[in-house]
Engineer: 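Right, I'll just put the structure down here and ask away after.
We're numbering straight along the sequence, starting at 1. Computed from a predicted structure; not experimentally measured.
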Amino acid sequence: MSDPSRSPGYGPPGGWQQQPPPGGYGQPGAAGYGYPTGPGYGAPPPRPSTSPAMWAHLGALLTITTGSIFCGLGGFLDWIVPLSIRSNARHKHDPYVRHHATQALNFGVAQAVVATLGVLLYFGSAITFAAADGSGSSDAPPGLAVPLVTIMVIMAAYAVSGLVCAIIGTVKANKGEPWSYPRLIAWPLSKG
């Protein structure tokens with residue numbers, strides 16, 4: 001009977017001895033450890049897709065700034081771009097893009113709610129101030145303007161802090177790093 005290791009198709013041919021891989025067995029750099037590098041092997045796994053994640057933050061940021069400058073509606077509409085990126089069929093299975101788009105969406109919704117409340121409080125204070133000064137004289141007590149000015153200062157501070165956080169989110173998304181807005185700036189209404 002013949003030896004199966006010497007038959008064609010069963011192991012190495014007679015007289016062949018196996019050489020250890022470069023670096024030895026079980027050593028870093030040996031075959032089977034880390035990413036294979038050489039002809040015939042692909043590149044290491046790709047970086048997360050940063051462009052859509054960056055555009056989710058940048059879209060909300062640009063909508064707030066340009067929309068508020070030109071038509072005054074930027075603070076009310078800044079959730080549209082992150083929602084469209086998050087709902088896109090190409091990004092439904094990319095957890096990185098969904099995380100950043102969800103964070104930008106939460107930011108946009110919180111900014112829209114705060115802008116709505118700010119406008120209501122501002123006009124409510126202005127109407128109250130005008131009603132209290134119904135006499136038409138210029139001797140109205142200056143203390144009535146304090147709520148009006150306070151609302152304006154709070155809204156400006158909230159807007160500036162939101163813009164700073166949106167810029168940080170845009171930069172982090174472009175670098176491929178995770179980012180979550182502070183809860184005061186972006187309420188966690190939608191989960192990834």
Engineer: Which atoms form the tightest heavy-atom contact between Trp79 and Ala112, and what is the distance?
Structural biologist: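 Heavy atoms only, the tightest pair is CD1-CB, 4.2 Å.
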Engineer: Ring centres under 6.0 Å, that's the criterion: do Phe107 and His100 meet it?
Structural biologist: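 When the ring centroids of Phe107 and His100 are compared, they turn out to be at least 6.0 Å apart.
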Engineer: Measuring from Lys175:NZ to Met54:CE, what's the distance to the nearest 0.5 Å?
Structural biologist: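 Reported to 0.5 Å precision, the distance equals 13.5 Å.
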Engineer: Ignoring hydrogens, what is the shortest heavy-atom contact between Ala53 and Tyr96? Give both atom names and the distance.
Structural biologist: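 Shortest heavy-atom contact: CB-CE2, 3.7 Å.
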Engineer: Could you measure the distance from the CD1 atom of Ile185 to the CD atom of Gln111? Nearest 0.5 Å is fine.
Structural biologist: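 So the CD1 of Ile185 and the CD of Gln111 are separated by 6.5 Å.
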Engineer: Find out if a path of hydrophobic residues (ILVMFWY) with successive side-chain heavy-atom gaps under 4.5 Å connects Ile151 to Leu120.
Structural biologist: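 In one cluster with Ile151: Leu120, no.
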Engineer: Are Val97 and Arg86 packed together at the side-chain level, in the sense that at least one heavy-atom pair is separated by less than 4.5 angstrom?
Structural biologist: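 No - every pair of side-chain heavy atoms lies 4.5 Å or more apart.
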Engineer: Measuring from Ile168:CD1 to Leu163:CG, what's the distance to the nearest 0.5 Å?
Structural biologist: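 Taking CD1 in Ile168 and CG in Leu163, the distance rounds to 11.5 Å.
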Engineer: Could you check if a side-chain atom of Lys172 sits within less than 4.5 angstrom of a side-chain atom of Pro178, using non-hydrogen atoms only?
Structural biologist: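 Contact flag for Lys172/Pro178 side chains = no.
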Engineer: I'd like to check the side-chain contact (heavy atoms from CB on, under 4.5 Å) partners of Ala110; sequence neighbours left out, ordered by chain and number.
Structural biologist: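 Partners of Ala110 under the side-chain contact (heavy atoms from CB on, under 4.5 Å) test: Tyr158, Trp187.
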Engineer: Quick one: pull up CG in Leu58 and OG1 in Thr65 and give me the separation to the nearest 0.5 Å.
Structural biologist: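 Between atom CG of Leu58 and atom OG1 of Thr65 there are 8.5 Å.
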Engineer: So, taking the atom named CZ in Arg98 and the one named CG in Leu105, what distance separates them when rounded to the nearest 0.5 Å?
Structural biologist: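 Going from the CZ atom of Arg98 to the CG atom of Leu105 covers 10.0 Å.
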Engineer: Please tell me if the side chains of Trp55 and Ile85 come closer than 4.5 Å, counting only heavy atoms from C-beta onward.
Structural biologist: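 Counting from C-beta outward, Trp55 and Ile85 do come under 4.5 Å.
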Engineer: Start with the C-alpha distance between Met155 and Leu121, add both sets of side-chain angles, then the distance that settles side chain to side chain contact (heavy atoms under 4.5 Å, CB included), and finish with yes or no.
Structural biologist: CA-CA 10 Å; Met155 293 302 297; Leu121 287 172; over 6 Å; no
Engineer: Hydrophobic cluster mates of Ile127, side-chain heavy atoms under 4.5 angstrom, ILVMFWY only, any path?
Structural biologist: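 When side chains under 4.5 Å apart are linked, Ile127 ends up in no cluster with other residues.
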Engineer: To the nearest 0.5 Å, what is the distance between CD1 on Ile80 and CG on Leu83?
Structural biologist: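 Reported to 0.5 Å precision, the distance equals 8.5 Å.
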Engineer: In sequence, state the C-alpha distance, the side-chain angles, and the governing distance for Phe76 and Val119, and then conclude on side chain to side chain contact (heavy atoms under 4.5 Å, CB included).
Structural biologist: CA-CA 11 Å; Phe76 303 103; Val119 166; 3.9 Å; yes
Engineer: How far apart are the closest heavy atoms of Ala173 and His57, and which atoms are they?
Structural biologist: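 Ala173 and His57 have their closest heavy atoms at CB-CD2, 3.8 Å.
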Engineer: Quick check: closest heavy atoms across Ala101 and Pro82, and the distance to 0.1 Å?
Structural biologist: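 So the two residues come closest at O-CB, 3.7 Å.
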Engineer: Taking only residues two or more places apart in sequence, or in another chain, which ones meet Ile154 in a side-chain contact (heavy atoms from CB on, under 4.5 Å)?
Structural biologist: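 For Ile154 the side-chain contact (heavy atoms from CB on, under 4.5 Å) partners, ignoring immediate neighbours, are Thr150.
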Engineer: Tyr181 and Gln103: which non-hydrogen atoms are nearest, and at how many Å?
Structural biologist: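 Nearest pair, atom of Tyr181 first, then Gln103: N-OE1, 3.1 Å.
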